[in-house]
Peer 1: 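The structure is given below, and queries will be raised subsequently.
From a predicted model like this one, the values you see are computed outputs, not experimental measurements. Counting starts at 1 for both ligands and their atoms, in listed order.
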Amino acid sequence: MSKILVTGGCGYIGSHTLVDLVENGFEVISVDNNSRSNPLILDGVERITGKKIKNYKVDLCNFDDTYAIFQENEDITGIIHFAAFKSVGESVAHPIMYFENNLNSLLNLLKCVQEFKVPYFVFSSSCTVYGNPDVIPVTENTPPKPAESPYGYTKQMGEQIISEFSKVNPTQCILLRYFNPVGAHPSIQIGELPIGKPANLVPAITQTAIGKLPQMQVWGNDYDTRDGSCLRDYIHVSDIAHAHTLALQYLIDGRTMKSCEVFNLGSGNGVTVLEAIKAFEKVSGQQLNYVIGPRRPGDVVAIYANNEYAVTELGWHIRFDLEDMMDTAWKWEQHVKQDESFFHRQNAKLN
Ligand code: WQD
């Protein structure tokens with residue numbers, strides 16, 4: 001059984017990927033310092049899979065502590081690296097914190113990958129590397145443009161670091177560029193747990209609908225899109241998670257001749273903010289309380305994926321549509337409210 005180290009395993013996409021890996025026969029361990037995640041999410045992973053996942057509560061910016069994990073697990077076949085700060089707005093306010101955390105953790109990890117000769121490495125990248133694309137949909141060959149934030153730069157620099165690393169090391173690497181991951185596992189046992197006021201659209205919608213937020217703002221409706229609001233490619237988090245399992249299998253099966261491959265992980269459908277809200281209102285049966293606000297600095301106007309390479313090369317079949325995304329997100333928000341004291345207590349400990 002191949003042992004996979006998942007960094008950021010207590011996070012949103014990390015926890016969903018743990019589930020998918022276990023369900024597909026992989027042995028998994030997690031490393032997560034829980035600075036931005038709730039360790040209780042692993043209880044949800046256990047309820048779904050029946051497996052108790054070991055988490056090393058280690059900061060990957062500490063080389064010695066990171067190295068010790070590899071000494072204890074010399075049989076690691078592959079790594080999926082999620083652990084990073086990911087708030088666009090926060091990165092603008094705290095650029096050094098973002099460059100230090102996101103790059104030092106990656107460099108420490110790669111030093112260990114090199115020393116312990118880990119065969120496979122999958123990196124959590126992002127469509128933010130495309131900046132504001134001139135032509136959409138974007139393919140993996142669409143040239144990256146200047147990032148819109150320090151966060152976006154850490155993803156672009158991370159890709160370059162890994163690409164150069166893979167040229168002089170036997171480790172085969174894959175860069176997965178996510179579009180907008182949303183929704184929750186169909187079991188409603190795991191989902192997104194934003195810390196503080198959510199910056200992202202779908203948690204802002206569900207927290208407004210459940211009454212945690214008094215009202216939501218649509219950041220601008222005067223863009224050059226079909227209804228004036230920004231256009232994005234929303235993709236269910238469980239579809240994103242399964243793509244990681246397929247990417248690992250692709251490497252293990254030796255189906256690539258390249259040292260470093262890139263895949264777009266998007267649905268291939270462009271959806272505007274106002275269309276996303278309408279889809280939510282349809283599945284929830286609720287009228288959302290929102291107003292049109294000013295544009296948000298740094299927002300990309302319109303982007304969505306050409307995902308054909310991931311579909312054909314990885315055999316990736318997307319299972320969830322926009323209404324499924326909204327339905328599971330809404331059900332998860334209602335679940336968290338039932339356990340409000342429980343999750344709130346834990347999140348309070350994290351702050
Ligand atoms: C989507 C649209 C907002 C909140 C995200 C992540 C980033 C990266 C890419 C992973 C925008 C609008 C939002 C609100 C709104 N993911 N919006 N009111 O900016 O595309 O970036 O995906 O690497 O880490 O942040 O996603 O959900 O923040 O915004 O109108 O209250 O929704 O203006 O047009 P974004 P988002």
Side-chain angles (χ1 to χ4, degrees), residues 8 11-14 16-17 36 81-92 98 102 123-133 136 138 144 147-156 158-159 175-183 192 194-209 212-235 237 240-241 243-244 264-267 270-280 288-305 322 325-326 329:
Y12 176 40
I13 307 175
H16 285 79
T17 302
R36 299 295 174 89
H81 180 40
F82 293 105
F85 293 160
K86 64 133 227 168
S87 166
V88 172
E90 184 185 43
S91 76
V92 173
Y98 266 67
N102 291 5
F123 178 62
S124 165
S125 190
S126 163
C127 62
T128 43
V129 304
Y130 295 112
N132 243 319
I136 52 175
V138 294
E148 299 286 332
S149 67
Y151 161 77
Y153 277 117
T154 67
K155 290 302 180 184
Q156 286 181 342
E159 289 195 355
L175 312 175
L176 296 178
R177 291 175 180 167
Y178 314 151
F179 284 70
N180 288 56
V182 297
E192 193 168 7
I195 295 171
K197 189 172 183 299
N200 295 132
L201 177 64
V202 172
I205 289 175
T206 57
Q207 287 197 16
T208 301
K212 257 185 182 172
L213 296 174
Q215 187 177 61
M216 202 200 103
Q217 296 209 48
V218 171
W219 301 125
N221 70 343
D222 57 352
Y223 287 101
D224 182 17
T225 64
R226 51 182 177 258
D227 63 14
S229 64
C230 289
L231 186 124
R232 293 288 185 275
D233 182 328
Y234 298 99
I235 176 79
V237 62
I240 291 269
H244 288 77
N264 278 344
L265 296 188
S267 68
V271 171
T272 69
V273 173
L274 293 171
E275 290 165 349
I277 290 173
K278 282 193 187 65
F280 174 80
L288 189 72
N289 178 8
Y290 71 90
V291 291
I292 303 295
R295 292 183 172 194
R296 183 173 71 171
D299 259 340
V300 164
V301 178
I303 187 167
Y304 71 100
L322 184 63
M325 296 177 214
M326 293 301 178

Peer 1: Give a yes or no on this: more than 12 heavy atoms of other residues, nucleotides or ligands lie within 6.0 Å of atom CG of D222.
Peer 2: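 Check passes, neighbour count above 12.
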
Peer 1: Can a non-hydrogen atom of Y12 be found less than 4.0 Å from any atom of ligand 1?
Peer 2: no

Peer 1: When you compare the side chains of Y151 and E90, does any donor N or O come within less than 3.5 Å of an acceptor on the partner?
Peer 2: no

Peer 1: Are any of the N/O atoms on S126, whether in the backbone or the side chain, positioned under 3.5 angstrom from an N/O atom of ligand 1?
Peer 2: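 Min N/O separation from ligand 1 is below 3.5 Å for S126.
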
Peer 1: Against ligand 1, does Y151 come closer than 4.0 Å with any heavy atom?
Peer 2: yes

Peer 1: Among all the protein's non-hydrogen atoms, which is closest to atom 29 (O) of ligand 1, and how far away is it?
Peer 2: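 Ranking protein heavy atoms by distance from atom 29 (O) of ligand 1, first comes R296 NH2, 3.3 Å.
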
Peer 1: For atom 21 (O) of ligand 1, what's the nearest protein heavy atom and its distance?
Peer 2: N180 ND2, 4.1 Å

Peer 1: Counting each atom of ligand 1 from 1 as listed, which ones have a heavy atom of A204 under 4.0 Å away?
Peer 2: 31 (O)

Peer 1: Do any nitrogen or oxygen atoms of N200 come within less than 3.5 Å of a nitrogen or oxygen of ligand 1?
Peer 2: yes

Peer 1: Taking distance alone, with no angle check, do V88 and ligand 1 share an N/O pair under 3.5 Å?
Peer 2: no

Peer 1: Using a 4.0 Å cut-off to any heavy atom of M216, which atoms of ligand 1 qualify?
Peer 2: 18 (N)

Peer 1: Please determine, by modelled atom types, if N264 and Y130 share a side-chain donor-acceptor pair under 3.5 angstrom.
Peer 2: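 Yes.
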
Peer 1: If you draw the axis of the six-membered ring of Y12, does the NZ or CZ of K86 fall within 45° of it and under 6.0 Å from the ring centre?
Peer 2: no

Peer 1: Would you find a donor on one side and an acceptor on the other, under 3.5 Å apart, between the side chain of D227 and the backbone of S229?
Peer 2: yes

Peer 1: Against heavy atoms of V218, which atoms of ligand 1 measure under 4.0 Å?
Peer 2: 30 (O)

Peer 1: Is there a donor-acceptor pair closer than 3.5 Å between any side-chain N or O of R232 and the backbone N or O of V300?
Peer 2: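 Here the side-chain-to-backbone pair exists.
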
Peer 1: For atom 12 (C) of ligand 1, what's the nearest protein heavy-atom neighbour? Residue, atom name and distance, please.
Peer 2: V273 CG2, 3.9 Å

Peer 1: Does ligand 1 come near enough to S125 that some N or O of the ligand is less than 3.5 Å from an N or O of the residue?
Peer 2: no

Peer 1: With heavy atoms only and a cut-off of under 4.0 Å, state how D299 meets ligand 1: side chain, backbone, both or neither.
Peer 2: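 Near ligand 1, D299 shows its side chain, while the N, CA, C and O stay back.
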
Peer 1: Output, in order, the C-alpha distance, side-chain angles, deciding distance and verdict of ring pair (Phe, Tyr, Trp, His ring centres under 6.0 Å) for H244 and F82.
Peer 2: CA-CA 11 Å; H244 288 77; F82 293 105; 5.0 Å; yes

Peer 1: So between Q217, E148, K86, R232, whose heavy atom ends up nearest atom 24 (O) of ligand 1?
Peer 2: K86

Peer 1: Output yes when a side-chain donor or acceptor of N102 lies under 3.5 Å from a complementary backbone atom of F85, and no otherwise.
Peer 2: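 Such a contact is found between N102 side chain and F85 backbone.
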
Peer 1: Just to confirm my output: which protein heavy-atom neighbour is closest to atom 27 (O) of ligand 1, and how far is it?
Peer 2: L201 N, 2.7 Å

Peer 1: If you measure from each non-hydrogen atom of S87 to ligand 1, which part falls under 4.0 Å: side chain, backbone, both or neither?
Peer 2: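 Within the 4.0 Å criterion, S87 makes no contact with ligand 1.
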
Peer 1: Taking Q217 for the side chain and V291 for the main chain, is one N or O donor matched with an acceptor at less than 3.5 Å?
Peer 2: no

Peer 1: Can you tell me which residue and heavy atom of the protein come closest to atom 4 (C) of ligand 1, and the distance to 0.1 Å?
Peer 2: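 Scanning the protein heavy atoms, the shortest distance from atom 4 (C) of ligand 1 goes to A199 O, 3.1 Å.
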
Peer 1: Give the atom numbers and elements of ligand 1 that come within less than 4.0 Å of a heavy atom of C230.
Peer 2: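 By the 4.0 Å cutoff, the relevant atoms are 34 (O).
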
Peer 1: Can D233 and S267 be counted as having a side-chain donor-acceptor contact under 3.5 angstrom?
Peer 2: yes

Peer 1: Do N289 and T208 meet the criterion of a side-chain donor-acceptor pair at a distance under 3.5 Å?
Peer 2: no

Peer 1: If we check side-chain hydrogen bond (donor to acceptor under 3.5 Å, both in side chains) with Y178, which of these qualifies: S126, S125, S124?
Peer 2: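 Single side-chain hydrogen bond (donor to acceptor under 3.5 Å, both in side chains) partner of Y178 among S126, S125, S124: S124.
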
Peer 1: Who gets closest to atom 1 (C) of ligand 1 by heavy atom: Y234, F179, W219?
Peer 2: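 Minimum heavy-atom distance to atom 1 (C) of ligand 1 goes to Y234.
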
